[in-house]
A.B. asks: 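Take this structure first; my questions come after.
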Amino acid sequence: MRYVEYGTQNHDTVILLHGGGLSWWNYREVAQLLADKYHVVLPILDGHADSEHSFVSIEENAARLIAYIDKHHGGSICALGGLSLGGQVAVEILTQRPDVCRFALLESTLVKPSRLTHALIKPSFGMSYGLIKQRWFAKLQADYLGIPQNLFEDYYRDTCAITKADMIAFLKANCAYSIKPALRDTQAKVHIVFGSGEQFSIRTSGKQLNHTIPDSTLEVLPGYRHGDLSLNHPEQYSQMLLTLIS
């Protein structure tokens with residue numbers, strides 16, 4: 001797994017995990033805002049542009065990141081954050097290693113599986129994958145996903161680099177992931193956030209995470225859509241994380 005780092009290694013470490021189909025630049029501005037106080041690590045999840053491995057599962061991504069934390073950070077870090085697919089990987093890390101971090105921020109994290117969506121992903125992307133490399137189509141997708149204009153070139157470049165097999169694999173994993181009982185054992189102070197404009201399944205998932213994780217807190221952002229917080233409001237995201245840690 002590849003990593004982009006900000007700040008200095010003698011500071012407490014924060015790891016932020018990007019959404020599916022995005023990359024480390026999902027959190028670039030957040031990392032820049034935090035770099036004077038924290039060592040910020042932005043991994044590139046498996047199956048994405050410039051990653052070292054094809055996507056196998058959320059569980060395998062989590063295991064790789066735990067191995068990285070064990071090797072480079074003595075088995076634990078200050079804080080962990082993630083958006084969407086990255087949020088699911090963060091949940092799995094908290095599940096596999098209850099004491100992996102002191103704080104966690106989960107944004108727009110789906111834990112309510114959909115069999116219908118899972119079944120439709122392969123045939124629908126099999127037909128539409130070729131459009132992904134068309135710039136006009138990428139702009140439509142970026143607008144739909146709420147990608148800010150200053151991140152479009154990063155989005156377009158890296159989306160074109162994702163193979164069809166990897167895209168199908170992580171999208172199917174995303175809509176099939178569910179909470180495991182061991183998540184209740186996490187020792188992290190967890191803050192869960194989603195936008196009021198998100199799909200019902202995301203809103204329900206946030207409430208389910210809040211119910212499952214002891215002493216967790218839940219915040220609904222009025223008018224925000226999927227990924228709005230970290231992608232379009234890095235100052236607010238950074239402050240939310242700092243408040244959680246303090």
Side-chain angles (χ1 to χ4, degrees), residues 17-23 26 45-48 54-63 81-96 104-132 137 140-147 155 159 162-184 186 190-213 216 218-221 223-231:
L17 306 172
H18 64 81
L22 309 180
S23 192
N26 183 159
L45 297 178
D46 291 350
H48 290 74
S54 296
F55 187 91
V56 174
S57 68
I58 288 169
E59 289 78 5
E60 183 162 320
N61 271 263
L83 163 66
S84 194
L85 178 67
Q88 293 172 319
V89 175
V91 167
E92 184 61 28
I93 291 171
L94 296 175
T95 302
Q96 293 185 22
L105 178 53
L106 306 176
E107 179 186 0
S108 304
T109 302
L110 181 67
V111 293
K112 184 177 176 60
S114 171
R115 292 183 179 179
L116 177 60
T117 304
H118 186 273
L120 291 175
I121 283 173
K122 187 172 182 179
S124 63
F125 271 85
M127 294 184 291
S128 64
Y129 177 76
L131 291 172
I132 288 173
F137 183 79
L140 290 176
Q141 285 292 102
D143 288 342
Y144 175 76
L145 295 171
I147 305 293
Y155 168 75
T159 301
I162 300 173
T163 67
K164 180 164 68 173
D166 277 326
M167 188 167 290
I168 289 172
F170 66 67
L171 287 173
K172 289 179 71 173
N174 174 255
C175 66
Y177 187 74
S178 61
I179 291 173
K180 300 177 178 66
L183 179 62
R184 296 181 182 274
T186 183
V190 181
H191 187 58
I192 301 147
V193 61
F194 59 81
S196 65
E198 300 208 50
Q199 293 180 355
F200 176 77
S201 57
I202 294 289
R203 302 197 306 272
T204 303
S205 292
K207 295 172 184 177
Q208 186 177 349
L209 284 164
N210 182 221
H211 178 75
T212 302
I213 302 172
S216 61
L218 177 66
E219 183 174 358
V220 182
L221 300 174
Y224 279 37
R225 298 188 302 165
H226 193 71
D228 259 348
L229 178 61
S230 56
L231 284 167

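Worth knowing before you read on, the calculation uses all heavy atoms, side chains too, and leaves out hydrogens, waters and symmetry mates. For clarity, every value in this text was computed on a predicted model and none was experimentally measured.
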A.B. asks: Do any N or O atoms from the side chain of Q141 and from the backbone of I132 form a donor-acceptor pair under 3.5 angstrom?
C.D. replies: no
A.B. asks: Checking the side chain of T204 only, and the main-chain atoms of I202 only, is there a donor and an acceptor separated by less than 3.5 Å?
C.D. replies: no
A.B. asks: Decide whether N61 and E92 meet the rule of one side-chain donor and one side-chain acceptor closer than 3.5 Å.
C.D. replies: no
A.B. asks: Can you confirm whether V220 sits close enough to F194 that some side-chain heavy atom of one is under 4.5 Å from a side-chain heavy atom of the other?
C.D. replies: yes
A.B. asks: Compare all side-chain heavy atoms of L106 with those of I213 and state whether any distance is below 4.5 angstrom.
C.D. replies: yes
A.B. asks: May I ask you to decide if F55's main-chain N or O and D166's side chain share a donor-acceptor pair within less than 3.5 Å?
C.D. replies: yes
A.B. asks: Check for a donor-acceptor pair, side chain of S205 on one end and backbone N or O of V111 on the other, with a separation under 3.5 Å.
C.D. replies: yes
A.B. asks: Can you list everything that forms a salt bridge (Lys or Arg N to Asp or Glu O under 4.0 Å) with K207? Sequence neighbours excluded, please.
C.D. replies: none
A.B. asks: Looking only at atom types and distance, does a side-chain atom of D228 sit under 3.5 Å from a main-chain N or O of R225, one as donor and one as acceptor?
C.D. replies: yes
A.B. asks: Do L209 and S216 have side chains that approach each other closer than 4.5 Å (heavy atoms only, starting at C-beta)?
C.D. replies: no
A.B. asks: Taking C-beta and beyond as the side chain, do L85 and Y177 meet within less than 4.5 Å on heavy atoms?
C.D. replies: no
A.B. asks: Check whether any side-chain heavy atom of I162 sits under 4.5 Å from a side-chain heavy atom of H48, and report yes or no.
C.D. replies: yes
A.B. asks: Heavy atoms, side chains only, cut-off 4.5 Å: are I58 and V91 in contact?
C.D. replies: no
A.B. asks: Can Q199 and H226 be counted as having a side-chain donor-acceptor contact under 3.5 angstrom?
C.D. replies: no
A.B. asks: Looking only at atom types and distance, does a side-chain atom of T212 sit under 3.5 Å from a main-chain N or O of R184, one as donor and one as acceptor?
C.D. replies: no
A.B. asks: Between Y224 and V193, is there a side-chain heavy-atom distance shorter than 4.5 Å?
C.D. replies: no
A.B. asks: Could you tell me whether the side chain of E107 and the main chain of G87 form a donor-acceptor pair under 3.5 Å?
C.D. replies: no
A.B. asks: Measure the CG-CG distance between L17 and L45 for me, rounded to the nearest 0.5 Å.
C.D. replies: 5.5 Å
A.B. asks: Between the main-chain N or O of G195 and the side-chain N or O of E198, is there a donor-acceptor pair closer than 3.5 Å?
C.D. replies: yes
A.B. asks: Please examine the side chains of D46 and V56, heavy atoms only from C-beta on, and report whether any two atoms are closer than 4.5 Å.
C.D. replies: no
A.B. asks: Test H18 against L83 for side-chain contact (heavy atoms from CB on, under 4.5 Å), laying out the working first.
C.D. replies: CA-CA 6 Å; H18 64 81; L83 163 66; over 6 Å; no
A.B. asks: For G227 and S108, work out which heavy atoms get closest and say how close.
C.D. replies: N-OG, 3.7 Å
A.B. asks: Could you go step by step and tell me if L231 and N26 meet the side-chain contact (heavy atoms from CB on, under 4.5 Å) rule?
C.D. replies: CA-CA 6 Å; L231 284 167; N26 183 159; 3.8 Å; yes
